[in-house]
Number of protein chains: 2
Amino acid sequence: MGQTNPPFMSGIPELLLLRLLAQRDMYGYELVRSIRLITGEAIILGEGVIYPVLHALERSGALKATRKAVDGRTRVYYRMTAAGRKRLSRLQGEWQRIQSGLNMALDPETDVPT
Amino acid sequence: MGQTNPPFMSGIPELLLLRLLAQRDMYGYELVRSIRLITGEAIILGEGVIYPVLHALERSGALKATRKAVDGRTRVYYRMTAAGRKRLSRLQGEWQRIQSGLNMALDPETDVPT
DNA sequence: AACTATACCTCGCAGCACTAGGTATATCAA
DNA sequence: TTGATATACCTAGTGCTGCGAGGTATAGTT
């Protein structure tokens, strides 16, 4: 019945997309490439991950999609909305919190309390 | 039908446990508390997460369990094995890679390549 | 004609983390 | 003594995320 909290380490694909789209409008296929490149192959998210997230972000009003024809191919460009910027800063905060907790715990200097 | 890769952001509970047990032997309930405390409440993993992971780590030979009676209660202490230390450094490497990629991508200084 | 790259899409699944329950003993307050 | 809280262990079931694998279509290259 009741809705469950999402796993504590999820939503990173969403965060990455919003972060990239904060800089400029991009289309799905381009975002897939960019994430691979910008992370030096450390993070590779396939189209099967990216497209559904983009659709969800559009449905929720965080992004606005615009179809554009280029060289006979159709690209769907995404532009961040005000709601998207809000969502981004929220996710960034959450992630920063998790990350600093994680670094605390993983830091070899930190010793485990009794 | 082959085996699928695990999601790219998973295995953090395992990593945390191994990291804590690298310092000293601990028991399950204690590990639950420690993770909550050491991360300043940023990461809270319940017993439903911790115990199954501990059992899996024991089965795989990364940990060795020892039952110890204290005050009429039974505690199961876990000690890291050589295999566990190997597993830890492997996970640490993987995580560091992911994390630096992530920081690259999320850093506002980084600009998205064309 | 075959192959690669671009560019979009979605179904179905695996596996992870989580919730929600269960057992049992010790301690302390009402 | 009854109830509540803390300690300490455990597992069955499930929601959801991310993923793989496939599909469509056009353009360019071999």
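Quick note on labels: first sequence line is chain A, next is B, and so on, each numbered from 1. Nothing here was measured: the structure is a model prediction, and the numbers come from that model. Computation of the quantities below employed the complete heavy-atom set of this structure, encompassing side-chain atoms and omitting hydrogens, waters and symmetry-equivalent molecules.
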### Query
Expressed in angstrom and rounded to an integer, what is the separation of A:Glu58 atom CD from C:dC9 atom C1'?
14 Å

### Message
In this structure, how many angstroms lie between the P atom of D:dC16 and the CZ atom of A:Phe8, rounded?
### Response
18 Å

### Task
Please state whether the phosphate of C:dA17, meaning OP1 or OP2, lies under 4.0 angstrom from any side-chain nitrogen or oxygen of A:Asn5.
no

### Task
Provide the closest heavy-atom pair for A:Tyr78 versus A:Ala65 in the form atom of the first, atom of the second, distance.
CE2-CB, 3.7 Å

### Query
Which listed nucleotide (D:dT7, D:dT17, C:dC8) is nearest to the side chain of B:Arg75?
D:dT7

### Message
Please list, in numerical order, the residues of residues 23-45 of chain A that have a heavy atom closer than 4.0 Å to any atom of DNA chain D.
### Response
A:Leu45

### Query
If you group Ile, Leu, Val, Met, Phe, Trp and Tyr by side-chain heavy-atom gaps below 4.5 Å, do B:Met9 and B:Leu18 land in one group?
yes

### Query
If you take all heavy atoms of A:Thr39 and B:Ala105, which pair is closest and at what distance?
CG2-CB, 4.0 Å

#### Entry: B:Gln92 vs B:Leu15 side-chain heavy atoms within contact, under 4.5 Å
yes

### Task
Report the residue (A:Val76 or B:Gly11) whose heavy-atom-nearest nucleotide on DNA chain C is the more 5′ of the two.
A:Val76

### Task
On DNA chain C, check which nucleotide each of B:Pro6 and A:Val70 is closest to and give me the residue with the more 5' one.
A:Val70

### Task
Would you mind reporting whether B:Leu16 and B:Ile38 have side-chain heavy atoms less than 4.5 Å apart?
no

### Sorted by number, the residues of residues 49-56 of chain A with heavy-atom contact under 4.0 Å to DNA chain D
A:Val49

### Task
Could you state the atom-to-atom distance from CD of A:Glu14 to C1' of D:dC19 in whole Å?
17 Å

### Message
Do A:Leu102 and B:Phe8 sit in one hydrophobic cluster, given that two such residues count as connected whenever their side-chain heavy atoms are within less than 4.5 Å of each other, even indirectly?
### Response
yes

### Task
Compare the minimum distances between each of C:dC16, C:dT19, C:dC9 and the side chain of A:Glu47, then state the nucleotide with the smallest one.
C:dC9

### Query
When clusters are formed by joining ILVMFWY residues with side-chain heavy atoms under 4.5 Å apart, either directly or through shared neighbours, do B:Leu91 and B:Met80 land in the same one?
yes

### Which atom of B:Arg19 lies closest to which atom of B:Leu88, heavy atoms considered
N-CD1, 3.9 Å

### Task
Find out whether A:Leu31 and A:Leu45 are in side-chain contact, i.e. whether some heavy atom of one side chain is under 4.5 Å from a heavy atom of the other.
no

Check nucleotides 26-30 of chain D against the protein and report each pair of N or O atoms closer than 3.5 Å, with its distance, or say if there are none.
| from | atom 1 | to | atom 2 | distance (Å) |
| --- | --- | --- | --- | --- |
| D:dA27 | O4' | A:Arg73 | NH2 | 3.2 |

### Query
Is the closest side-chain heavy-atom distance between A:Lys64 and A:Glu58 below 4.5 Å?
no

### Task
In whole angstrom, give the distance that lies between atom OH of A:Tyr78 and atom P of C:dA7.
14 Å

### Task
Please report the closest heavy-atom contact between A:Ala83 and A:Gly61, naming both atoms and the distance.
CB-O, 3.7 Å

